[in-house]
Amino acid sequence: MEQVDIKVNENVATIVIDRPEVHNALNASLVHQLTEAFGDIHQEKRVTAVVLTGKGDHFCSGVDLKDFAKISVKEPIDAMPEWLEAWQQLTELCETLLRFPKPVIAAVDGGAIGAGLAVALSCDLLVMSKRAELIANAAQRGLIGGLTAPLLEFRIGSAIASRMLLTGEPMRAEEAFTRGLCCQVTDADQVWVTANDWAKRCGQAPRESIQATKRMLNESIGETLLTNLAAGAASGATLCSTDSAAEGISAFVEKRAPQWP
């Protein structure tokens, strides 16, 4: 099933995460399709910038924990290769965005949660609706924000990253704008239009300059970011094999409060 929609308007491509029935949660197929979509757009010479957004009321609610639940019931020796593969695929998606040679603007409406927040933070700019929220709540699920943590630290600093990661407290759009994480806040029905305007503005610069600037920002200035993402993915896979993670995932799927071991 196609879970990603691609549209091109003039010189801007829009990639739409299309799983609104589960708030655009990331399963293996969707992660693969998103990575492929950026590979396809990479080859489109007329496209100078990309808008990434979600269909429905949320940008992306994070990993589809129903898929994780299927792995968590397996014996650890069988589950670990699957945990590693799942986290490696998420890491590859984030790295694809960070290394993508054209500007990527995240148009965030509703929630960007967990791995969904990591995807948003892997984009170059964020435009948020007034009702949008950024949430890093992996610890509250018995998991770890292995990708979200280094990206939050890179984009906004360790003090705010600590607050968000340890408490799960949402960052609302106005705070994100005040702190410089978000470049503009707008009405929900204007979030794509506004992101598209930013994409056009970025796309006016020469391709070589944009590509070199992104490389400088994400690989030179952020020299440890990619290493930290790999380390975070390994930590995420390891923690998924714990009893706490199994309980957190089960509690979410069963819509009940967790009973931590």
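With hydrogens and angles disregarded, no donor-acceptor distance shorter than 3.5 Å links the side chain of D64 to the backbone of A25. Side chain of K200 to main chain of A195: no donor-acceptor pair is present (N/O by atom type, distance under 3.5 Å, no hydrogens or angles). The backbone N or O of G248 sits nowhere less than 3.5 Å from a side-chain atom of R141 that would complete a donor-acceptor pair. The backbone N or O of G110 lies less than 3.5 Å from no partner atom in the side chain of H58, so there is not a single donor-acceptor pair. Judged by distance alone, with hydrogens and angles left aside, the side-chain atoms of E153 form no donor-acceptor pair with the main-chain N or O of I160 at under 3.5 Å. A donor-acceptor pair under 3.5 Å links the side-chain atoms of S61 to the main chain of H23, judged by distance alone. With D18 contributing its side chain and K55 its backbone, the two residues share no donor-acceptor pair below 3.5 Å. Side chain of T186 to backbone of V191: no donor-acceptor contact under 3.5 angstrom is found. Listed for the K102 side chain is a donor-acceptor partner under 3.5 Å among the backbone atoms of V47. Checked by atom type and distance alone, the side chain of N196 never pairs as donor or acceptor with a backbone atom of W192 at under 3.5 Å.
Counting non-hydrogen atoms of neighbouring residues, nucleotides and ligands closer than 6.0 angstrom, the CD1 atom of I77 reaches no more than 12 such neighbours. Within 6.0 Å of NZ on K214 lie more than 12 heavy atoms contributed by other residues, nucleotides or ligands. Atom CD of E75 has 12 or fewer neighbouring heavy atoms from other residues, nucleotides or ligands inside a 6.0 Å radius.
L134 and L125 are assigned to two separate hydrophobic clusters, defined by single-linkage of ILVMFWY side chains at heavy-atom distances under 4.5 Å. Both V50 and V119 are assigned to one and the same hydrophobic cluster, defined by single-linkage of ILVMFWY side chains at heavy-atom distances under 4.5 Å. Residues V104 and V127 fall into different hydrophobic clusters, defined by Ile, Leu, Val, Met, Phe, Trp and Tyr side chains chained together at heavy-atom separations under 4.5 Å. Cluster membership check: V51 does not share its hydrophobic cluster with I41, using side-chain heavy-atom separations under 4.5 Å among Ile, Leu, Val, Met, Phe, Trp and Tyr. Under the 4.5 Å side-chain heavy-atom criterion for ILVMFWY residues, no single connected hydrophobic cluster contains both I135 and I156.
For the pair A199 and A49, the tightest heavy-atom approach, listed with the atom from each and the gap, is O-CB, 3.4 Å. Minimum interatomic distance between I71 and A79 (heavy atoms only, all atoms of both residues): O-CB, 3.7 Å.
Distance SG/C60 to CD1/I113: 8.5 Å, rounded to 0.5 Å. Atoms CG and OG, from L225 and S220 in turn, are 12.0 Å apart once rounded to the nearest 0.5 Å. Going from atom CG of L181 over to atom CE of M128 covers 7.5 Å, rounded to the nearest 0.5 Å. From S241, atom OG reaches atom CG of L84 across 9.0 Å, with rounding to the nearest 0.5 Å. Note that CG of L98 and SG of C123 are 8.5 Å apart. Values are rounded to the nearest 0.5 Å. Note that OG of S162 and CE of M164 are 11.0 Å apart. Values are rounded to the nearest 0.5 Å.
A donor atom on one side chain and an acceptor atom on the other are not found under 3.5 Å apart for W260 and E247. Under the 3.5 Å distance criterion, with hydrogens and angles disregarded, a donor-acceptor pair is assigned to the side chains of D109 and S129.
For T96, the side-chain contact (heavy atoms from CB on, under 4.5 Å) partners at least two apart in sequence or on another chain are T35, F38, E92.
For the pair D187 and K130, the salt-bridge criterion is met [side-chain N within less than 4.0 Å of a carboxylate O].
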Practice task
Would you please test S29 and Q33 for side chain to side chain donor-acceptor pair (under 3.5 Å) and show each step?
Solution key: CA-CA 6 Å; S29 175; Q33 288 181 39; 3.0 Å; yes
Problem - Derivation of the salt bridge (Lys or Arg N to Asp or Glu O under 4.0 Å) call for R99 and E219 - result: CA-CA 8 Å; R99 295 181 187 273; E219 297 180 39; 3.6 Å; yes
Problem - Intermediate values then yes/no, salt bridge (Lys or Arg N to Asp or Glu O under 4.0 Å), R163 and E175 - result: CA-CA 13 Å; R163 187 195 85 194; E175 182 185 356; 3.0 Å; yes
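The only member of T14, V4, I17, V16 that meets side chain to side chain contact (heavy atoms under 4.5 Å, CB included) when paired with L52 is I17. Residue N27 forms a side chain to side chain contact (heavy atoms under 4.5 Å, CB included) with just one option from H32, Q3, K66, and that option is Q3.
Taking the six-membered ring where tryptophan is involved, the planes of F68 and W87 are tilted, since the angle between them lies from 30° to 60°.
Sorted by first and then second residue, the ring pair (Phe, Tyr, Trp, His ring centres under 6.0 Å) pairs with a member in residues 228-257 form an empty list; sequence neighbours excluded.
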